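Computation of the quantities below employed the complete heavy-atom set of this structure, encompassing side-chain atoms and omitting hydrogens, waters and symmetry-equivalent molecules. Just so you know, these numbers come straight off a predicted model, no measurement behind them. Counting starts at 1 for both ligands and their atoms, in listed order.
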Amino acid sequence: MELQFSEAQTLVRDTARRFAKDVVAPQARAIDREERFPKEIYRQLAGLGLLGVNIPSALGGSEAGVVSYALAMMEMSAACASTSVGMAVTNMCGELISHYGSEALRQKYVPRLTSGEAIAGAFALSEPHCGSDAAALSTTAQQRGDTYVLNGSKQWITSGAHAGVMVVWARTAAEGNRGLSAFVVEGGTPGLHVGRAEDKMGLRGSNTVGLTFDNCVVPAANLLGKEGDGFKLAMIALDGGRIGIAAQACGVARAALEAAVRYAKDRQAFGHPIGDFQAIRWMLADMRTQLEAAELLCLRAASLKEQKKPFTREASMAKLFCSEMSNRVCDRAVQIHGGYGYIDEFPVERYLRDARVQTIYEGTSEIQRLVIAREIIRLAGP
Ligand code: COS
């Protein structure tokens, strides 16, 4: 993409691109096939400053901003979306604690995330009975002296079995979204049980588990913000997280398009490379156009967040458009490959499997449309 980026943004993008191409991409097929959680890669990402791209350097981050973060996510996702989803959640947890944690929480936990000591962060909001309706969650946190006692279950927790630092949402009071609070919980805390890893369609190298809290005691000082702040903190974190998933979608789609172009130039039919035929050319033209439109939406949302301007609607638009685009582009890439697209000799079947969850996690396409429509109507005034 030919947009003008600052020196810092270009440096982060190029660092991520080089590492993604040289180190991550060659392992991506094995990470997927062997369901290999990429622990060592996370340590290396930490060394490159990519686990805290938008986090102050005093806390071990690279303080390079949200646009840099989106560019880094695009690069990592083009190589391996299993790896990039864990990178995204770690950045998200680090940012949340860095912005809303007490000074003690920031100093204690953010450097563990940015340095890779925690391996990964985890964002524990969804529960077996509620994903879209986040305010309906039923895990409880009861204050007992200078601690809270957590009880309940979480589901779909990315990196949950490996995360050294988690942000966990629980109910501290009965009433709806105002009764939710967020806590920093260390992996391995007694009473926190990790369920079996889900056997997923895609992102097979990432780890997705349920968590059970059975009288799990956390220090009261690990409350993020105040009691009752939890729902808003979740919404704020998800607004930012959606930029990360939009960027992931762009990265995966770019990889799929590049593979399709290579194949179209190479594969012969009827005496020509198939890229000579209009049927294929029109697919490639649509794929490229949609990808570039998606990248612009993603970077606009990132730029607004970086400028500290409102970006809820733009993040949801980016997440909606980029994730649906990436499913279309990956599907077309498989189609261009014909039978070879359906086997694992070529990477496009992995891209399509990895893209599928992008319209679901961090808010489904339906939730993004709900958020966008509400913002349009709200901003239109009375
Ligand atoms: N930023 C800051 N505050 C926000 C916000 C945002 N993006 N969105 C909502 N809020 C605030 C509202 O302003 C409101 O505050 P007040 O009570 O002070 O007025 C409060 O949060 C409740 O908001 P609302 O009434 O809009 O909540 P709803 O229960 O209607 O739910 C949706 C809103 C559906 C948008 C929310 O539940 C959501 O995003 N769900 C999807 C969750 C998700 O992405 N799950 C995937 C988990 S991660 S894999």
Side-chain angles (χ1 to χ4, degrees), residues 66 81 84-93 95-96 99-100 120-139 152-160 163 166-171 173-182 198 200 202-203 206-211 224-246 248-249 301 304-305 308-320 322-323 354 356-379:
V66 191
S84 76
V85 66
M87 169 181 157
V89 178
T90 304
N91 272 278
M92 192 177 174
C93 291
E95 259 194 60
L96 190 60
H99 276 92
Y100 298 98
F123 188 91
L125 176 66
S126 296
E127 298 191 353
H129 67 287
C130 72
S132 292
D133 186 5
L137 67 83
S138 59
T139 293
S153 301
K154 296 288 171 184
Q155 197 160 4
W156 319 127
I157 308 307
T158 299
S159 306
M166 307 182 179
V167 182
V168 179
W169 276 262
R171 185 164 292 289
E175 64 281 13
N177 66 59
R178 287 169 195 263
L180 301 188
S181 303
E198 300 292 351
K200 304 190 297 294
L203 297 185
S206 87
N207 167 260
T208 308
V209 293
L211 301 174
L224 260 189
K226 304 187 302 300
E227 268 196 20
D229 284 353
F231 187 78
K232 280 190 191 165
L233 293 180
M235 293 299 112
I236 290 167
L238 284 168
D239 280 349
R242 287 166 186 163
I243 296 173
I245 300 308
Q248 182 191 63
L304 285 171
K305 182 179 171 199
K308 304 197 186 325
K309 293 186 175 158
F311 67 97
T312 296
R313 182 182 64 120
E314 289 78 3
S316 281
M317 286 168 65
K319 160 73 164 69
L320 171 65
C322 296
S323 63
D354 287 350
R356 188 61 193 87
V357 74
Q358 291 161 358
T359 64
I360 299 172
Y361 64 8
E362 303 221 5
T364 60
S365 287
E366 292 68 34
I367 288 293
Q368 306 313 325
R369 288 189 173 93
L370 180 155
V371 171
I372 296 162
R374 278 205 316 203
E375 288 290 298
I376 294 170
I377 290 165
R378 188 180 65 80
L379 294 172

Phe231: heavy atom below 4.0 Å from ligand 1, yes or no? yes
For Arg374 and ligand 1, does the shortest N/O to N/O distance drop below 3.5 Å? yes
Working for side-chain contact (heavy atoms from CB on, under 4.5 Å), residues Gln155 and Glu127: CA-CA 5 Å; Gln155 197 160 4; Glu127 298 191 353; 5.8 Å; no
Could you state the interatomic distance from NZ (Lys226) to OG (Ser181), rounded to the nearest 0.5 Å? 10.0 Å
Provide the number and element of each atom of ligand 1 under 4.0 Å from a heavy atom of Leu238. 42 (C), 43 (C), 44 (O), 48 (S)
Would you please test His129 and Ser138 for side-chain contact (heavy atoms from CB on, under 4.5 Å) and show each step? CA-CA 9 Å; His129 67 287; Ser138 59; 3.2 Å; yes
Lys309 with Glu314: basic N within carboxylate O range, under 4.0 Å: no
Please report the interatomic distance CD1(Ile245) to OG1(Thr359), rounded to the nearest 0.5 Å. 11.5 Å
For atom 49 (S) of ligand 1, find the nearest protein heavy atom and state the residue, atom name and distance (0.1 Å precision). Glu362 N, 3.3 Å
In ligand 1, the atoms that come under 4.0 Å of a heavy atom of Val371 are 35 (C)
To the nearest 0.5 angstrom, please state how far the CD atom of Glu366 sits from the CG atom of Leu320. 9.0 Å
Return a yes/no value: protein heavy atom under 4.0 Å from atom 39 (O) of ligand 1? yes
Under 4.0 Å from a heavy atom of Arg242: which atoms of ligand 1 are those, numbered in the order shown and with their elements? 39 (O), 41 (C), 43 (C), 44 (O)
Working for side-chain contact (heavy atoms from CB on, under 4.5 Å), residues Leu125 and Leu238: CA-CA 10 Å; Leu125 176 66; Leu238 284 168; 4.0 Å; yes
Give the atoms of ligand 1, by number and element, whose distance to some non-hydrogen atom of Ile236 is under 4.0 Å. 1 (N), 2 (C)
Which ligand 1 atoms are under 4.0 Å away from a heavy-atom of Ser126? 47 (C)
Contact atoms of ligand 1, heavy-atom distance to Asn177 under 4.0 Å: 22 (C)
Considering Gln368, Gln155, Arg178, Met235, which one's heavy-atom position lies nearest to atom 16 (P) of ligand 1? Arg178
Lys232 versus ligand 1: do any nitrogen or oxygen atoms come within less than 3.5 Å of each other? yes
Which atoms of ligand 1 are found less than 4.0 Å from any heavy atom of Thr312? 7 (N)
Assess the residue pair Phe311 and Ile243 against the criterion (side-chain contact (heavy atoms from CB on, under 4.5 Å)); give the C-alpha distance rounded to whole Å, side-chain angles, the decisive distance to 0.1 Å, and a yes or no. CA-CA 10 Å; Phe311 67 97; Ile243 296 173; 3.9 Å; yes
Considering only non-hydrogen protein atoms, determine which one is nearest to atom 46 (C) of ligand 1 and report residue, atom name and distance to 0.1 Å. Gly363 N, 3.6 Å
Sole residue of Gln358, Glu362, Arg356 in side-chain contact (heavy atoms from CB on, under 4.5 Å) with Ile360: Arg356
Which atoms of ligand 1 are found less than 4.0 Å from any heavy atom of Asp239? 1 (N), 6 (C), 7 (N)
Under 4.0 Å between heavy atoms, the region of Ser132 that gets near ligand 1 turns out to be backbone
How close does the nearest protein non-hydrogen atom get to atom 45 (N) of ligand 1, and which residue and atom is it? Gly131 O, 3.3 Å
Test your reading of the model: is there a side-chain donor-acceptor pair from Arg171 to the backbone of Leu137, 3.5 Å cut-off? yes
How long is the span from the CD atom in Glu198 to the OG atom in Ser206, to the nearest 0.5 Å? 10.5 Å
